[in-house]
Each structure stands twice: as structure tokens, then as C-alpha cells.
Amino acid sequence: MITQVEKMQKEVLVIEGKRKLQGILRVSGAKNSALPNMAATILTDKEVILENLPDLLDVKLMKQLLEDIGSHIDCIDNNVCSFRLSSPKSFVANYDIVSKMRASILVLGPMVARFGYAEVALPGGCSIGARPVDLHLKALEMMGAKIELQHGYIKAYAPKGLKGAHIFFEKITVTGTENIMMAAVLAEGQTIIENAALEPEVVDLAKMLKKMGADIQGEGTPRIVINGVKELNGTKHTIIPDRIEAGTFAVLSALSDGKIIIQNYPMEYLEYVNEVFKDIGIYILPVDKDKVIIKREERLKPVDIQTKEYPLFPTDLQAQFMTLLCFADGVSQITENIFENRFMHVSELNRMGADIKIVDRTAIIKGIKELTGADVKATDLRASAAMVIAGLVADGITKIHNIYHLDRGYEHIDTKLKNIGANLWREINE
Ligand code: UD1
């Protein structure tokens, strides 16, 4: 008997390329906003209602993690859930979940802040790099937590509560900033986070925490100041649209000749990306208050891209832009500055006829006329999105193995694509 997980891991997505794609693609709630906001529900014993939650694997894993800790979760439908953690039944985020979803580390800050104790499995490396959590731990130590690493677990103690501290992150870290912001809202005194991440998802988390009664200033700037409060209230909050899913859809739209309308495209979070699109010869045109269409010049121009922290070019769109630049007229370069091993999709794109070479942390992409369908591997979440786009515009049939990565971060992607005319299906690779 194979388990559900084993079945998922054997699933192959089969795509017939070059179909005319036409219709509306709706952008779902942001995964990277849903996960910290769900973790923040730990901070209160009152009810928190989250709307526009994306229905995807990582959100399901976070629900499971919260339920293991003792949260009561009631979902009205796939996208609206209420969370309430009256009293904890466990202080452990176990390896089984953490190994599937690194963002599980987000429960560490809120658990120590509210209960004075937490055990979270060490996430370890992943397919895109080592991804340590040392900065999260150092900051919690500065706030008075005692941290021990034992048997693959982080054990954090602060029996008398956390204390405000002046924290300077040596490196900008998104979940690090979120974790410490959540820890600081219930700490005694003032916490200052310097070199904080500016991502819209950090700002969205601060917005929800403020609605719960937290005292936070400066979110969206490199210096966040938090004055701890005794307790937080419940609230209702709507998750922001997923800028990465939106950018993924825009790339697909630019490469397919059909007419795709993207709904909920968050222009304000994609300003830099929209400029890069423009340099390539792709224009995002609003057609309605919440809809855009993508127009492109016949000849796509090559560009040089450097991935950087927000508001610059997101690493989470790097792979999708690699597929796009395969069709540019000339040689483009993409330098990956955030993760050291995030070029696993290069060899897969090359299997489909792309001409990409890697020199250190830079991929050199020579434009080609056409990609051809092939058997390829999805190597991580965003790489799998790049392969799906490639498969949809390639000549012939593409089979994407390890497609379960895609389901971690893209809500009902098969249905969304089928609704605009794609022909794709899943097979079990025995
Ligand atoms: C978040 C996003 C992920 C995105 C990434 C970069 C979520 C749930 N995930 O991941 O989709 O790709 O931001 O935009 O929001 N680092 C350390 N020590 C630490 C923490 C980070 O060295 O303690 C390094 C990382 O290895 C990486 C860099 O800092 O090289 C940035 O990582 P970070 O911003 O922390 O990424 P995540 O928050 O894990």
C-alpha cells in the first residue's frame, strides 16, 4: 500500500504544449503572508479569522502544526478559517512537518513569547541551499531566551518572558524579521529590529498584529520599533495577493499567444518586476480596477537581472524569468544573490532545448527559437513553476516529475490552467 505522501511524490504532471490559452487567471492569497499570519494566531487566546487563505499544501501543513500545538481551527470554506489557541497541548513542532516546510520555524517566536517554551525541529538544508536559522536564534537569545540544540531540535526557554532588545540582522531575513517581530510584541519593553526585511508580507503581518493590539512602528522600513504589550486580542484579517503567483502568471501570459486576463495582480508589490518586464518588451496594462492584461513586443529584449531583497528583484521569480528569457533575442544574464544553489532548473530547461550556462552565481541565457517537450524534474517550488510555463509553451509533451513541489505554493494550479484552455493531467509514475 502506498501512502498519500508517497503517491504525491510519484505524481507526474503531463502537459501538452502550445495550446491557445485564453481567459481569467485569478491570483490567490500569498503563501508567504498566510504562513506568518497563521503562526501569529498563537500569540492570543482569542479567535483570529483569516480570509483569502490560499488552499495549498504549505497552508495545510501549517494548520496541522497549529493543531498539534492545540489550536482549534474551523474553516468556513477552503479560504476562510478561524484559529483559536486557548491552551497549548504540546510545545513541539516535530521533524515530520518541519522537514516538509521550512517556514514551520515561524512558530518559534510566537510560542516562546506566549508560553516561555518551544521545541522546533531544526529545518536543515534544502534543495536551494543551506538556509540556516542562526539569525532567528541569535535574536531570540538577545531577547533573553536560552537556546539549546539537542537531538536535531531547537529548544528555546524564556520562563520569565522575553525582554526587548536592540537587534541588528547581519543579513536581511524575511522569516527572521517576522519571527522576531512576533516574539517582540509580547516581550517586556522595547525591541528595535535594524536591517529588517521590507517585504510586503512582513508589512501585512505587522498590519494584522497591530489590529490585535500590538504596538509596532516602522514596518516596511529597515528599522522596526516594537513596544511590547501584555496581551493581544483576536481579529479578522484578509491575506494580501500573492505577488509571486501574479508574476508567474504574467510570464506565462507573455509567452502564450492567447489572451489571458490576470485578476488581483498586485501592481504595488511588483513595481520593480514590472520595470524589468518593460525592459524586456512586456507591458502590464490595467483593464479594470483589479484586472490586467499583458502586451508584448514581437521581439523580446535580453536583460541582466540580479536577485535582491524587496523592493528589488525577488529570488522567487528567478526561475520563471529564466524560462521567459529563453525566448529573448540575444544573451541575458541572471545572477542569484540570495540562495547559493538555486539554479537546479537550468539543466532541466536545457533538456527542453534551452541554451543556458552557469558561471559562478550567474546564469547566461542565450535566446532560442523554441523549447521542445521532454521529461524533466521539478527541483523546488518556484523551479516547478518555471517548468510548467516551459511545458505550456513548448512544442510537444512535457512530463514534470516531482511535481508535488508545485502544490506547496500554487493554489489549484491544474484547475486554473485548465480553465484557460491548457491540456494537462497527472499520472502516477510507478
Ligand atoms: C523567505 C520566503 C522565501 C523567499 C526568501 C527570500 C517565506 C515563508 N519564505 O524565506 O519564499 O525565497 O524569503 O526572499 O516567506 N539566512 C541566514 N541565516 C538565517 C536566516 C537566513 O544565513 O538565520 C540567509 C539564507 O540562507 C538566505 C538569506 O539569508 O541566503 C535570505 O533568507 P531569508 O530571507 O531568511 O529566507 P526565508 O525567510 O527562509
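Position 1 is the first residue of the sequence, and the numbers go up from there. Any value given below was found using the heavy atoms of this structure, including those in side chains, with hydrogens, waters and symmetry copies removed. In listed order, ligands and their atoms are each counted from 1.
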Query raised in the report: Taking everything shown except Lys301 itself, do over 12 heavy atoms lie less than 6.0 Å from its NZ?
Result: yes
Query raised in the report: By number and element, which atoms of ligand 1 are closer than 4.0 Å to a non-hydrogen atom of His136?
Result: 23 (O)
Requested in this report: Assess the side chains of Gln333 and Thr362: does a donor N or O sit below 3.5 Å from an acceptor N or O?
Outcome: no
Query raised in the report: Going by heavy atoms, is Pro132 under 4.0 Å from ligand 1?
Result: yes
**Report entry** Nearest candidate to atom 29 (O) of ligand 1, where distance is taken over non-hydrogen atoms, out of Lys171, Gln318, Lys138
**Finding:** Lys171
Query raised in the report: With a 4.0 Å heavy-atom cut-off (strictly under), which part of Glu201 contacts ligand 1: side chain, backbone, both or neither?
Result: neither
Query raised in the report: Does ligand 1 have a heavy atom under 4.0 Å from the side chain of Asp316, from its backbone, from both, or from neither?
Result: side chain
**Report entry** Structural part of Phe339 in contact with ligand 1, heavy atom criterion under 4.0 angstrom
**Finding:** side chain
Query raised in the report: When you check the side-chain N and O atoms of Thr248 and Tyr410, is any donor under 3.5 Å from an acceptor?
Result: yes
Query - Asp316/Lys31 salt bridge by N-O under 4.0 Å criterion - result: no
Query raised in the report: If you count the non-hydrogen atoms of other residues, nucleotides and ligands that lie under 6.0 Å from NE2 in His151, is the total more than 12?
Result: no
Query - Sub-3.5 Å N/O-N/O distance, Ile338 and ligand 1 - result: yes
Query raised in the report: Which atoms of ligand 1 are found less than 4.0 Å from any heavy atom of Thr315?
Result: 6 (C), 12 (O), 14 (O)
Query raised in the report: Does even one non-hydrogen atom of Arg102 get within less than 4.0 Å of ligand 1?
Result: no
Requested in this report: Taking ring-ring contact (aromatic ring centres under 6.0 Å, His included) as the test, write out the residues that go with Phe277, two or more places apart.
Outcome: Phe321
Requested in this report: Heavy-atom contacts with Val133 under 4.0 Å: which atoms of ligand 1 show up? List them by number with element.
Outcome: 19 (C), 23 (O)
**Report entry** Side-chain H-bond candidate by donor/acceptor type, Asn32 with Glu199, under 3.5 Å
**Finding:** no
Result block: side-chain N/O donor-acceptor pairs under 3.5 angstrom for residues 269-276, not counting sequence neighbours:
residue : atom : partner : partner atom : Å
Asn274  : OD1  : Tyr265  : OH           : 2.7
Asn274  : ND2  : Leu270  : O            : 3.2

Query raised in the report: Are any of the side-chain nitrogens in Asp58 or Arg408 under 4.0 Å away from the carboxylate oxygens of its partner?
Result: yes
Report task. Please determine if Arg361 and Glu336 form a salt bridge, counting it only when a charged side-chain N lies under 4.0 Å from a carboxylate O. Result -> no
Requested in this report: Before signing off on this row, confirm whether Thr175 and ligand 1 have an N or O atom pair separated by under 3.5 Å.
Outcome: yes
Query raised in the report: Does ligand 1 have a heavy atom under 4.0 Å from the side chain of Asp134, from its backbone, from both, or from neither?
Result: both
Query - Structural part of Arg342 in contact with ligand 1, heavy atom criterion under 4.0 angstrom - result: side chain
Requested in this report: For ligand 1, find out whether one of its N or O atoms is nearer than 3.5 Å to an N or O atom of Leu106.
Outcome: no
Query raised in the report: Counting heavy atoms only, which part of Ile172 comes closer than 4.0 Å to ligand 1: side chain, backbone, both or neither?
Result: backbone
Report task. Would you check whether Thr173 has a nitrogen or oxygen atom less than 3.5 angstrom from a nitrogen or oxygen atom of ligand 1? Result -> yes
Query raised in the report: Taking distance alone, with no angle check, do Asn32 and ligand 1 share an N/O pair under 3.5 Å?
Result: yes
Query raised in the report: Could Lys207 and Glu219 be called an ion pair, given the rule that one side-chain N must be under 4.0 Å from one carboxylate O?
Result: no
